[in-house]
Amino acid sequence: MSENTRYNIKDTEAKWQKVWDERKSFEVTEDPSKEKYYVLAMLPYPSGRIHVGHVRNYTLSDVVARYRKAQGYNVLNPMGWDALGLPAENAAMERNTLPKSWTYENIAQMKAQLLTMGLAIDWSREVATCDPDYYKHEQKMFIEFYKKGLAYRKESVVNWDPVDNTVLANEQVVDGKGWRTGAPVERRKLNQWFFKITDYADELLEAIDGLERWPDKVRTMQRNWIGKSQGAQFTFNFTTSPSCHPERSEGSQKPQEDSSASPQNDKPLTVEVYTTRPDTLFGASFVALAADHPLAKQLAGDKDGFDDFIQKCQSTGTSEEAIEKADKLGFDTGHKVAHPFIEGRELPVYLANFILMDYGTGAIFGCPAHDERDFAFATKYGLDILPVVEHGEEELPYVGPGKMINSDFLDGLTSEEAIAAAIKKLEELGAGQGVTKFRLRDWGVSRQRYWGCPIPFVYRESDGACIPVPEDQLPVELPEDIDYDAPGNPLDRHPTWKYTTCPETGEPAIRETDTCDTFFESSWYFLRYLDPNNTERGFSDEASKYWMAVDQYIGGVEHAVLHLLYSRFFTRALKACGYAVTDEPFDGLFTQGMVTHTTFADEDGNWLFPVDVEQKDGNWVTIDGGKPVTQGAVVKMSKSKKNVIDPQDIIDTYGADAARLFILSDSPPDRDLEWSEAGIEGAWKYINKLHRSLMEIKDKLAAKDAPAPSAFSDEGSKLRRTVHQTIDAVGREIEDFHMNKAVAKIRELSNDMVSFDPKDDSDAYALREAWEALVVLINPMVPHLAEELWAELGHDQILADTNWPETDESLLENDTVTIGVQVNGKVRATITLSPNASKEEAEELALADPNVQKAIGGGGVKKVIVVPGRIVNVVAG
RNA sequence: GCCCCGGUGGUGGAAUUGGUAGACGCGCCGGAUUCAAAAUCCGGUUCCUUCGGGAGUGUCGGUUCGAGUCCGACCCGGGGCACCA
């Protein structure tokens with residue numbers, strides 16, 4: 001093959017990227033005459049280099065975007081940077097630079113990389129969340145939420161590293177010690193900002209049912225996270241009176257919080273419990289409180305073993321083996337409470353390690369016959385096990401529903417009826433009421449960090465009043481003259497930044513030095529894309545009304561709960577503040593699988609990069625030195641295990657099209673994808689082959705404007721059927737995210753085309769038709785190659801502006817169909833007949849086959865089942 | 001422990017949802033081309049076989065004319081949640 005006909009991937013890809021850019025092919029505006037389609041890929045964190053997960057994500061969104069564009073939609077496919085966050089601060093500390101410059105350098109590098117992928121992105125809408133023009137609007141939203149009562153301040157406990165002078169996330173606390181300093185973590189109370197997502201708990205839960213184009217997995221995870229339960233909350237009265245003990249602690253303890261249970265002298269002592277099974281109240285045999293329940297210490301008095309018990313409860317949290325079996329541990333306080341329904345019945349009160357203070361009321365009643373944990377506990381401590389639900393053959397504990405027994409006025413009712421009846425009775429007695437509880441907590445957004453969106457409030461020094469920063473003073477910008485020499489939050493110790501005046505009185509005031517959780521930025525970035533240059537508001541109502549909701553959102557499943565739930569809350573909160581937004585931000589959601597790769601390690605167990613090893617005589621060795629290498633498990637690519645491939649190397653070597661094609665064709669997008677060098681080479685070969693094939697056959701194709709012939713040869717007709725069936729199938733597979741199947745269908749078609757030898761004008765016409773269809777079909781996957789081939793086919797209009805081919809209905813059906821003939825369920829022959837053949841014809845043809853006759857043997861035919869177009873099954877004797 | 005998802009050739013995966021299991025690709029084998037190699041092209045490739053056939057979709061059982069697909073029990077792998085009352 002001569003040099004000038006060889007497909008030059010590098011030049012060709014650069015050429016078409018330039019054409020798209022110059023023609024602004026993917027820039028869009030609101031166009032009421034066209035139906036919109038909003039494709040959204042989860043925005044990347046600018047870590048510096050793109051990884052294969054990005055390539056997979058944006059290839060998928062690109063296929064959808066290009067496919068929908070070809071179908072005539074006005075497609076919005078934007079991109080931006082989730083640019084605030086802790087890694088920038090860590091990098092700044094390590095490299096003695098500033099988070100801002102580190103971040104913007106990374107953005108520039110990653111953008112340059114993404115541009116080589118040839119994505120159909122409207123770059124004019126690019127957004128970086130660390131830009132004050134971006135966070136200005138969310139500061140305004142924050143204040144609007146505050147005014148609506150959706151944002152509030154409250155004292156709450158944080159993990160405090162006393163050496164670094166900083167707050168730690170739960171993940172940064174290892175064995176009770178700070179991950180960096182190793183210092184024991186203190187629990188400190190700080191004033192923190194919260195968003196009232198709990199106001200929307202019910203609505204967010206109910207609306208999950210309507211998210212039909214979301215994966216079931218994600219919907220289930222969100223339901224569980226919200227964790228709605230209905231039950232009864234009621235009070236037990238103590239029949240014993242614990243002596244009021246002075247605090248025995250070392251004095252550093254915080255005063256105890258107010259609680260439902262009041263330790264005051266004159267009122268009788270009570271404890272409030274929560275249950276989802278008030279129907280089983282007659283089966284109650286104990287009451288249990290969390291070890292850190294406000295009443296615990298008072299109830300324990302100076303009984304022996306209390307300190308021991310508390311210590312054990314705390315240690316179960318960390319010792320690994322104990323968690324496995326997690327023995328039920330109890331501490332008998334010796335005190336008793338009265339059963340609310342049974343005169344004279346007393347229940348012992350325990351402290352127990354399986355009761356959590358932060359769920360429900362931190363106290364329960366135990367019904368061992370109908371609860372697993374209560375059963376284990378009662379067995380261990382020799383408490384009564386009283387069945388109150390008919391359980392037939394089932395062994396105790398029986399947790400299912402049934403008819404009530406041994407339960408006085410509840411006897412004979414179903415569990416459901418009994419729950420209602422028990423709640424009614426509790427209400428009559430004034431002991432409690434039916435309540436609904438959620439696991440979901442309000443969203444704490446305060447972070448004691450520098451590289452985040454400043455929370456736009458000041459506190460007046462004279463009286464501590466919390467005052468929102470007036471709109472005309474927004475944004476509250478991050479100072480750039482910061483230092484990382486001392487531990488802690490640079491904003492807090494900045495010499496001037498936080499000192500300001502009260503906008504109302506002009507008195508001295510202190511700025512809030514906390515910044516927002518970075519989930520704040522990602523909760524509305526899809527709205528900013530709609531109107532990225534709006535300086536008055538984050539986005540206009542008009543833009544939102546035209547583009548929202550997102551038609552197809554694509555990203556990793558790791559955001560199944562937090563990001564996706566916060567965004568759903570955010571649209572509702574914005575709506576409450578007068579913005580025009582849909583309730584639900586994302587109509588369709590697709591979660592892609594992980595990209596995995598083999599791990600390699602040297603003799604000492606150190607991880608090795610795949611680029612540093614090679615295979616020699618069937619064994620893996622290091623390239624540098626040839627030392628033996630062991631091949632380990634295939635796991636998600638991660639820097640720590642070094643099993644990463646730099647996609648840029650792949651793109652530089654094989655081109656973006658090959659990388660895209662391999663990623664799409666090897667595995668279904670929702671499953672994990674195992675990266676392999678061999679796979680990428682296969683994709684690369686196919687790209688070259690398509691180009692070569694067209695170059696070879698080009699002169700034999702009919703002219704671009706040749707009239708349709710009046711008739712086609714048998715081969716020509718067959719090819720045309722395949723073409724139209726493929727057009728039909730590929731569209732459906734793309735819509736279902738079966739990109740691997742779409743690619744397979746295209747390859748089948750191209751195999752047929754390559755072996756098709758045009759003999760006359762009608763064949764030449766059919767083959768041109770086939771090539772034109774093939775190129776359009778493959779465009780979403782390998783757009784550079786497709787543009788090149790399209791131009792080779794003689795078109796002036798670029799492919800990015802070309803519509804998806806129409807299918808000819810009459811060609812979707814074949815004129816003959818080959819079906820199997822079974823004898824007693826085993827295939828013995830195949831027959832070919834018209835798809836409209838009658839059952840009788842099919843039966844006749846099947847029985848005429850010698851192989852079928854042979855299989856039937858002497859027993860004769862008992863019955864023949866004919867499923868037209870599918871199968872014939874002969875039942876022989 | 002509970003809740004999902006998955007298990008099909010050497011390998012990634014197809015199978016019109018109960019109707020010819022293994023599409024398409026990777027790898028491998030054989031051949032052509034080449035001084036040679038690369039690239040490319042052609043053919044083969046589930047396993048066993050006495051070449052007639054037989055077996056086969058994690059295991060065992062069931063329903064059906066017919067099961068990868070439906071039902072029951074179990075085994076293995078991955079993910080999520082977790083003393084949630």
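All values below come from the heavy atoms of this structure, side chains included, with hydrogens, waters and symmetry mates left out. Reminder, nothing fancy here: chain letters follow the sequence lines and each chain counts from 1.
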Nearest-Å distance once atom [atom1] is located in both [N] and [M]:
N: rG12(B); M: rG7(B); atom1: C1'; value: 14 Å
N: rC35(B); M: rG27(B); atom1: P; value: 26 Å
N: rC3(B); M: rU57(B); atom1: C1'; value: 26 Å
N: rG25(B); M: rU45(B); atom1: P; value: 15 Å
N: rG13(B); M: rC24(B); atom1: C1'; value: 9 Å
N: rU46(B); M: rU11(B); atom1: P; value: 13 Å
N: rG44(B); M: rC26(B); atom1: P; value: 16 Å
N: rA38(B); M: rC48(B); atom1: P; value: 29 Å

Using a heavy-atom cut-off of 4.0 Å across all strands, would you classify [X] as base, sugar-phosphate, or nothing?
X: Lys689(A); value: sugar-phosphate
X: Arg747(A); value: sugar-phosphate
X: Asn224(A); value: nothing
X: Lys741(A); value: sugar-phosphate
X: Lys854(A); value: sugar-phosphate
X: Ile355(A); value: base
X: Ser229(A); value: nothing
X: Thr220(A); value: nothing
X: Lys685(A); value: sugar-phosphate
X: Glu748(A); value: sugar-phosphate
X: Thr275(A); value: sugar-phosphate

Residue [X], side-chain atoms from C-beta onward, closest of [options]:
X: Ala744(A); options: rG13(B), rC24(B), rC83(B); value: rC24(B)
X: Val875(A); options: rC83(B), rC65(B), rG19(B); value: rC65(B)
X: Arg692(A); options: rC41(B), rG19(B), rC81(B); value: rC41(B)

Calculate the interatomic distance between [X] atom [atom1] and [N] atom [atom2]; express it in whole Å.
X: Met739(A); N: rA14(B); atom1: CE; atom2: C1'; result: 17 Å
X: Met221(A); N: rC2(B); atom1: CE; atom2: P; result: 20 Å
X: Ile226(A); N: rC81(B); atom1: CD1; atom2: C1'; result: 15 Å
X: Leu661(A); N: rC24(B); atom1: CG; atom2: P; result: 16 Å
X: Asp672(A); N: rG78(B); atom1: CG; atom2: P; result: 11 Å
X: Lys217(A); N: rC81(B); atom1: NZ; atom2: P; result: 11 Å
X: Arg828(A); N: rG52(B); atom1: CZ; atom2: C1'; result: 11 Å
X: Met695(A); N: rA39(B); atom1: CE; atom2: P; result: 22 Å

[X] side-chain N/O to [N] phosphate OP1/OP2 under 4.0 Å:
X: Tyr359(A); N: rA85(B); value: yes
X: Asn824(A); N: rC65(B); value: no
X: Arg671(A); N: rA14(B); value: yes
X: Lys826(A); N: rU20(B); value: no
X: Asn751(A); N: rA23(B); value: no
X: Arg870(A); N: rG66(B); value: no

Trace of the side chain to side chain donor-acceptor pair (under 3.5 Å) decision for Tyr274(A) with Ser229(A): CA-CA 10 Å; Tyr274(A) 172 69; Ser229(A) 74; 2.7 Å; yes
Is there a ring pair (Phe, Tyr, Trp, His ring centres under 6.0 Å) between Tyr381(A) and Phe286(A)? Walk through the geometry before answering. CA-CA 11 Å; Tyr381(A) 291 98; Phe286(A) 66 94; 8.9 Å; no
Taking the six-membered ring for Trp, are Phe282(A) and Phe341(A) parallel (under 30°), tilted (30 to 60°) or perpendicular (over 60°)? tilted
Run the ring-centre check on Trp675(A) versus Phe662(A) and record whether the distance is less than 6.0 Å. yes
Glu733(A) vs Ile865(A), nearer the 5' end of RNA chain B by closest nucleotide: Glu733(A)
Both Val827(A) and Phe365(A) contact RNA chain B. Which one's nearest nucleotide lies toward the 5' end? Val827(A)
With syn defined as a glycosidic torsion within 90 degrees of 0 and anti otherwise, which applies to [N]?
N: rG9(B); value: syn
N: rG52(B); value: syn
N: rU8(B); value: anti

Evaluate the salt bridge (charged side-chain N to carboxylate O under 4.0 Å, His left out) criterion for residues Asp672(A) and Arg56(A): first the C-alpha distance (whole Å), next the side-chain angles of each, then the deciding distance (0.1 Å), finally the verdict. CA-CA 11 Å; Asp672(A) 289 354; Arg56(A) 193 178 201 193; 5.6 Å; no
With both distances under 3.5 Å as the test, what is the Watson-Crick or G-U wobble partner of [N]?
N: rA39(B); value: none
N: rG12(B); value: rC24(B)
N: rG56(B); value: none
N: rU69(B); value: none
N: rG6(B); value: rC76(B)
N: rC81(B); value: rG1(B)

Please say whether more than 12 non-hydrogen atoms of neighbouring residues, nucleotides or ligands are located less than 6.0 Å from CD in Glu813(A). no
Step through the shown structure and confirm whether more than 12 heavy atoms of other residues, nucleotides or ligands are within 6.0 Å of CD on Glu844(A). no
Tyr686(A) and Ser665(A) side chains, donor-acceptor separation under 3.5 Å: no
Donor on one side chain, acceptor on other, Thr599(A) and Asn643(A), under 3.5 Å: no
Sole residue of Phe331(A), Tyr350(A), Phe365(A) in ring-ring contact (aromatic ring centres under 6.0 Å, His included) with Phe377(A): Tyr350(A)
